[in-house]
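Here is the structure we will look at.
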Amino acid sequence: MPSLLLIIFVTELVVQLVNTLGATTINDLLWRIYLTLPTSLSLEFAQQRKKQKEYLAVRHELKATSSQDEFAKWAKLRRQHDKLLEDLEKKKASLEAARTKFDRTLTTTRTVSTRGVQWFLPFWYSKEPMFWLPYAWFPYYVEWFASFPRAPMGSVSIVVWQWACTAVIALMIEAATAALVYVAAKQSQKVRQPVPAQSEKKDS
């Protein structure tokens, strides 16, 4: 079952990547990508940023205006300031509600597509062999473990294949992380290494 083997491997890879990068980091990245799409929410976000610039400009001008010497101008700016602030608070609440809904949808989708698959496939295909071990190459207890819990003796079960994928992917991610840290440390040492000063020639 090569397709099922691949599905299990990809599922475990996604789970390990989510655990390594963090769900919050992934949600933030997808949220930024979503805001670049031509949707009503991205338009609302752009309007919110524009109104925020207007608010900051009015606030700066209000601070620079004396309420005693230029009361009429100050009062007008004050009304604009309060109106813009009220609109910003409403838009902020609306965007925060949209972000909360977005995160909830992502979390549900991610849980169903990863954790749900992790539990459902081993249960549904627990009796199906993923592939067969070479005949008489391994002792009985190895074949029994490889077929755990209900796959035919002499085969590798979906549960054992899932365990193997998880272990190998975790090792690969750990090795890649260690390699990146090592390279970054080497680059940092090169940057910090002082350049030797050229010796001045003495006049003979």
Side-chain angles (χ1 to χ4, degrees), residues 10-119 166 169-197:
V10 171
T11 301
E12 296 303 319
L13 177 61
V14 171
V15 170
Q16 291 297 325
L17 288 176
V18 170
N19 293 338
T20 302
L21 299 176
T24 302
T25 303
I26 296 175
N27 286 1
D28 290 341
L29 177 61
L30 293 177
W31 173 253
R32 292 175 184 176
I33 295 174
Y34 180 69
L35 289 179
T36 61
L37 301 177
T39 61
S40 58
L41 185 61
S42 62
L43 179 61
E44 184 178 355
F45 185 76
Q47 292 175 350
Q48 193 259 357
R49 292 179 61 183
K50 181 179 178 182
K51 192 170 289 291
Q52 187 174 15
K53 290 181 179 180
E54 294 177 2
Y55 167 76
L56 292 176
V58 171
R59 182 181 179 184
H60 178 73
E61 189 176 0
L62 179 64
K63 287 184 177 181
T65 304
S66 173
S67 59
Q68 296 179 352
D69 299 337
E70 302 176 281
F71 179 77
K73 180 181 179 181
W74 180 89
K76 181 180 179 181
L77 290 173
R78 183 67 186 183
R79 288 193 297 270
Q80 292 180 359
H81 174 276
D82 294 343
K83 182 66 170 60
L84 288 171
L85 180 60
E86 182 181 358
D87 292 342
L88 279 174
E89 291 294 336
K90 291 180 180 179
K91 285 189 174 295
K92 181 181 178 182
S94 175
L95 289 173
E96 287 179 350
R99 175 61 193 267
T100 301
K101 183 179 178 181
F102 180 84
D103 288 343
R104 189 183 300 116
T105 302
L106 276 183
T107 302
T108 303
T109 303
R110 184 169 54 245
T111 302
V112 172
S113 60
T114 55
R115 299 300 182 183
V117 172
Q118 277 185 315
W119 287 98
T166 302
I169 292 172
L171 289 174
M172 291 172 59
I173 292 178
E174 186 175 353
T177 304
L180 290 175
V181 171
Y182 177 78
V183 172
K186 283 294 185 180
Q187 294 294 332
S188 178
Q189 289 179 0
K190 290 181 179 180
V191 172
R192 294 179 181 179
Q193 187 175 3
V195 179

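The heavy-atom pair separating Ile173 from Gln16 by the smallest distance is CD1-CB, 3.6 Å. A pairwise comparison of heavy atoms in Lys51 and Leu84 identifies CG-CD2, 3.8 Å as the closest pair.
Listed by chain and residue number, Leu41, Lys91, Ser94, Leu95 satisfy the side chain to side chain contact (heavy atoms under 4.5 Å, CB included) test with Glu44 (two or more places apart in sequence, or in another chain). Considering only residues two or more places apart in sequence or on other chains, Leu37 meets the side chain to side chain contact (heavy atoms under 4.5 Å, CB included) condition with Tyr34, Thr39. Residues passing the side chain to side chain contact (heavy atoms under 4.5 Å, CB included) test with Thr105 are Lys101, Thr109, sequence neighbours excluded. Partners of Leu62 according to the side chain to side chain contact (heavy atoms under 4.5 Å, CB included) rule, which considers only residues two or more places apart in sequence or in another chain, are Trp74, Leu77, Arg78, His81.
The salt bridge (charged side-chain N to carboxylate O under 4.0 Å, His left out) analysis of residues 108-119, with sequence neighbours excluded, yields no pairs. Counting only residues at least two apart or on different chains, the salt bridge (charged side-chain N to carboxylate O under 4.0 Å, His left out) pairs with a member in residues 28-41 are Asp28-Arg99.
Interatomic distance, Asp82 CG to Tyr55 OH, rounded to the nearest 0.5 Å: 8.5 Å. The distance from the CD atom of Gln52 to the CG atom of Leu85 is 11.0 Å, given to the nearest 0.5 Å.
Side-chain contact between Leu30 and Leu106 is present, with at least one heavy-atom pair separated by less than 4.5 Å.
Other residues, nucleotides and ligands contribute more than 12 heavy atoms inside 6.0 Å of the CD atom of Gln47.
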